[in-house]
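Note that the structure is predicted; figures quoted are calculated from it, not measured.
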Amino acid sequence: MSELVQEQQSKALHILETVFGYSSFRGQQDEIVQHVVQGGDALVLMPTGGGKSLCYQVPALVRDGVGVVVSPLIALMQDQVDALAEVGVRAAFLNSTQTFDEAMQIERRVRSGDIDLLYVAPERLMTPRCLELLEAAHIALFAIDEAHCVSQWGHDFRPEYIKLSVLHERFPNVPRIALTATADQQTREEIIHRLQLEDARQFVSSFDRPNIRYQIVEKANGRKQLLDFIESEHAEDAGVVYCLSRKKVEETAEFLKQSGINALPYHAGMDYAKRTANQSRFLREDKIVMVATIAFGMGIDKPDVRFVAHLDLPKSIEGYYQETGRAGRDGLPANAWMAYGLQDVVQQRRMISESEADETFKRVLGVKLDAMLGLCETLHCRRVRLLDYFGQHGQQACGNCDICLTPPVSFDGTLMAQKLLSTVYRVEQRFAAGHVLEVLRGIDGERVKQWRHDQLSVFGIGSEYGEAEWRAVLRQVIALGLLTVDHENYSSLKLTEEAKPVLRGEQKIQLRQYQKPVKPKRTSSSKSNYVETDLSSEEQTIFDKLRWWRVETARKHNVPAYVIFHDATMREIAKAKPSSLDDLRGVTGVGEKKLETYGAEIISLIQEISG
């Protein structure tokens, strides 16, 4: 190893310890940091909460010049810059929220080398003014965050990301690091192609988030089920609820509020000031549930989100993984809960059918939706299925998803499927689910009589089962690709080629037995959500006092509480009971700047408690 490389390694570790307060890198961080420090390009796939930001922040501080971070979310830049300021890093952002004078001041600091990290939105970066500014400055590196936005096949496509290939063309000697928490093989290849990262090293971490428990329930009354879930498992916790439409966001937030949950809405159609205020409250206050469209969430750094719930089916596994990944960034247990029903399948299929995309793109969307349905309908461990999708094969059942904890009862569903498929065939594949199920169950309603479908041989052949059971079968049969929904013809059900061998008895199928939704048992409301099982009573007292101190300190500094210290750091402080600044220096997450800013207050607070 050369002397220069050794010096760079030593400097990187010194910055990690003194600035960020960590004694060692995790996983592939060290390798990524050294690669970028030495001028190499990198594509980094690392799960949310895995420490992606350190992979570009540390190299930016080791290398000469300013590190430029391309970030798609203007609303979060202020918090990211505030968090860096708390650890003594000279950081700034350039975006449309600033006045001309404010932007000019930042530009002067960039030119004079007075900034370590500059956050900029891709739209701003591509302006001639910004590119000229960067050419006049000394650039340490370019970090392209949320790099999956470059992919047209991905779930968060941003057209302006495609233009970022200009960085390689105009700054050929500046290292680039593209980072994302989620990208399947196709998306990965497009990132490499679009950003001209063909020669970049790829660092792919495990996609597993073992602290997240995945749970998908049969949708009966979605909002009521959501309320029961929150009240029974997450009373007083911070969480995010995702809905497909703006209207549903508003209605769900109001319903939760009326039910005593501190819920706020967030969607792109809201007044900008109101939307920003709601996001700020969610980040800065405890115990808030944000009800949102997928417009909310990318780049959210709040570590103590204890649950993410979906009231509508996501379009793809990437979207689901990205959204559920906002839970449990602190590594503590968290829940990913979803209520899912037949209408979700029909709705998503309709959205694909009615989109203005070309046929190739629609096919890709259809394949991604099929994979998502497969995850919902699987009879085996959800985590294994999820990891399999991202190419991480051969995993063991996790023991921490609903399938592992309460294995579903599977049965030979061939006969039920045949009855359903036969009914669709006998009504000439011209009717939607509701009508087909009435015929199947022998319900002689007005429309059934009008079409004389009560005279068909299939009328009533499924009368021994109720509507909920048949809807569960229908949903699974659609997920298996035996039926499709024709949205150009009144959402009528149609047989596919794959249905023929099942109808002829040449192929058997396994189905999940219908389980009536059960209301979750309420946990004791007297239990504090913050009691840590590994803390003694004295340590718990210190931890609670530190939390209240953190709330007040964050309010004074006008930053989210976690920017001051994460819960994990405060637990370590509570256990260590430091009596001097030197004792506090060794605690994970306490760098030199935070030691200098808060050390004396913390020591004083602990001495006060310990007597």
Step by step, work out the side chain to side chain donor-acceptor pair (under 3.5 Å) result for E592 and T18.
CA-CA 5 Å; E592 288 299 319; T18 58; over 6 Å; no
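- Proximity of a side-chain donor or acceptor of R111 to a complementary backbone N or O of L133 within less than 3.5 Å is not detected.
- Between D145 and K52, no side-chain nitrogen of the basic residue sits less than 4.0 Å from a carboxylate oxygen of the acidic one, so the salt-bridge criterion is not met.
- Between E323 and P314, some side-chain heavy-atom pair lies under the 4.5 Å cut-off.
- Q322 and E146 form a side-chain donor-acceptor contact under 3.5 Å, judged by distance and modelled atom types alone.
- Atom CD of residue E190 and atom CG of residue D184 lie 10.0 Å apart, to the nearest 0.5 angstrom.
- Within the 4.5 Å cutoff, the side chain of I192 has heavy atoms near those of the L43 side chain.
- Screening residues 39-98 for ring-ring contact (aromatic ring centres under 6.0 Å, His included) gives no qualifying pairs among residues at least two apart or on separate chains.
- Take Y119 and apply the ring-ring contact (aromatic ring centres under 6.0 Å, His included) test, not counting sequence neighbours, and it matches no residue.
- For the residue pair E318 / T182, no side-chain donor-acceptor distance below 3.5 Å is found, with atom types taken as modelled.
- Judged by distance alone, the side chain of S112 and the main-chain N or O of R109 form a donor-acceptor pair under 3.5 Å.
- Between atom CG of residue L141 and atom CG of residue L117 there is a gap of 7.5 Å, rounded to the nearest 0.5 Å.
- Residues passing the ring-ring contact (aromatic ring centres under 6.0 Å, His included) test with H35 are F203, sequence neighbours excluded.
- Scanning for side chain to side chain contact (heavy atoms under 4.5 Å, CB included) contacts around A140 gives R63, with sequence neighbours left out.
- Contact annotation: the side chain of D304 never approaches that of D237 to less than 4.5 Å [non-hydrogen atoms, C-beta and beyond].
- Enclosure of atom NZ in K315 is not indicated, since only 12 or fewer non-hydrogen atoms of other residues, nucleotides or ligands lie within 6.0 angstrom.
- Salt-bridge check for R383 with D388: failed, with every basic side-chain N at 4.0 Å or more from each acidic carboxylate O.
- With sequence neighbours left out, the ring-ring contact (aromatic ring centres under 6.0 Å, His included) criterion links Y161 to no other residue.
- Every side chain to side chain contact (heavy atoms under 4.5 Å, CB included) that Q395 has, sequence neighbours left out, goes to V384, L387, Q392.
- Neither side chain, D544 nor T541, offers a donor N or O lying under 3.5 Å from an acceptor on the other.
- Contact of the R209 side chain with the Y321 side chain is registered, since non-hydrogen atoms from C-beta on lie closer than 4.5 Å.
- Here the shortest heavy-atom pairing between N335 and A327 reads O-CB, 4.2 Å.
- Side chain to side chain, N400 and R213 meet the donor-acceptor criterion of an N or O pair below 3.5 Å.
- A pairwise comparison of heavy atoms in A143 and L179 identifies CB-CD1, 4.3 Å as the closest pair.
- Scanning for side chain to side chain contact (heavy atoms under 4.5 Å, CB included) contacts around N278 gives L264, P265, M270, K274, M290, with sequence neighbours left out.
- For the pair K302 and Y562, the cation does not sit on the ring face, since its NZ or CZ is not both under 6.0 Å from the ring centre and inside 45° of the axis.
- Shown here are the side chain to side chain contact (heavy atoms under 4.5 Å, CB included) partners of L369, two or more places apart in sequence or in another chain: L313, Q348, R349, I352, L373.
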Can Q215 and C401 be said to form a side-chain contact (heavy atoms from CB on, under 4.5 Å), step by step?
CA-CA 6 Å; Q215 183 184 7; C401 69; over 6 Å; no
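- Using a 4.5 Å heavy-atom cutoff, the side chains of F543 and I573 are not in contact.
- Under the 3.5 Å distance criterion, the side-chain polar atoms of T597 are matched with a main-chain donor or acceptor of K593.
- Taking the six-membered ring for Trp, F207 and Y389 have ring centres at least 6.0 Å apart.
- One distance of note links SG of C404 with OH of Y214; it measures 12.5 Å at 0.5 Å rounding.
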Between L595 and L584, is the side-chain contact (heavy atoms from CB on, under 4.5 Å) condition met? List the steps.
CA-CA 7 Å; L595 189 71; L584 187 56; 3.8 Å; yes
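- Side chain to side chain, E572 and T588 meet the donor-acceptor criterion of an N or O pair below 3.5 Å.
- For Y320, the ring-ring contact (aromatic ring centres under 6.0 Å, His included) test picks out H310, with sequence neighbours left out.
- For CD of E7, the number of neighbouring non-hydrogen atoms (other residues, nucleotides, ligands) closer than 6.0 Å is 12 at most.
- Among residue pairs with one or both ends in residues 166-195, those qualifying as ring-ring contact (aromatic ring centres under 6.0 Å, His included) are F142-F171; sequence neighbours excluded.
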Decide yes or no on salt bridge (charged side-chain N to carboxylate O under 4.0 Å, His left out) for E236 and K287, but give the supporting numbers first.
CA-CA 5 Å; E236 309 276 295; K287 308 175 186 178; 3.2 Å; yes
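- Ion pairing of E233 with R306 is absent here, as no side-chain N (NZ or NE/NH1/NH2) approaches a carboxylate O to less than 4.0 Å.
- In this structure, the side chain of R550 does not engage the main chain of I564 through any donor-acceptor pair within 3.5 Å.
- The shortest side-chain heavy-atom distance between V62 and P59 does not fall under the 4.5 Å cut-off.
- Between E539 and R571 there is no salt bridge, since no side-chain N of the basic residue sits under 4.0 Å from a carboxylate O of the acidic one.
- A donor-acceptor pair is defined here as one N or O able to donate and one able to accept, closer than 3.5 Å; such a pair exists between the side chain of R176 and the backbone of Q196.
- Interatomic distance, C376 SG to I317 CD1, rounded to the nearest 0.5 Å: 8.5 Å.
- We find the CZ-CE distance between R124 and M77 to be 9.5 Å, quoted to the nearest 0.5 Å.
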For the pair V174 and L167, evaluate side-chain contact (heavy atoms from CB on, under 4.5 Å) and give the outcome as yes or no after the intermediate values.
CA-CA 9 Å; V174 177; L167 298 179; over 6 Å; no
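- Two residues are said to be in side-chain contact when any heavy atoms from C-beta on lie closer than 4.5 Å; R188 and V204 meet this criterion.
- Atom NZ of K577 sits in a crowded spot, with more than 12 heavy atoms from other residues, nucleotides or ligands closer than 6.0 Å.
- In summary, the side chains of H138 and D64 do not present any donor paired with an acceptor at a separation below 3.5 Å, with no hydrogens or angles considered.
- The stretch residues 81-96 participates, sequence neighbours left out, in these side chain to side chain donor-acceptor pair (under 3.5 Å) pairs: Q78-D82, E86-H557, E86-Y598, R90-D114, R90-D116, N95-T97.
- Looking at heavy atoms from C-beta onward, I144 lies in side-chain contact with L164 at the 4.5 angstrom threshold.
- Pairs engaging residues 554-565 under the salt bridge (Lys or Arg N to Asp or Glu O under 4.0 Å) rule: E552-R555 [sequence neighbours left out].
- Crowding of Q396 atom CD: a count of heavy atoms from other residues, nucleotides or ligands under 6.0 Å not exceeding 12.
- Taken from CZ in F25 to CD in Q34, the straight-line distance is 7.0 Å, to the nearest 0.5 Å.
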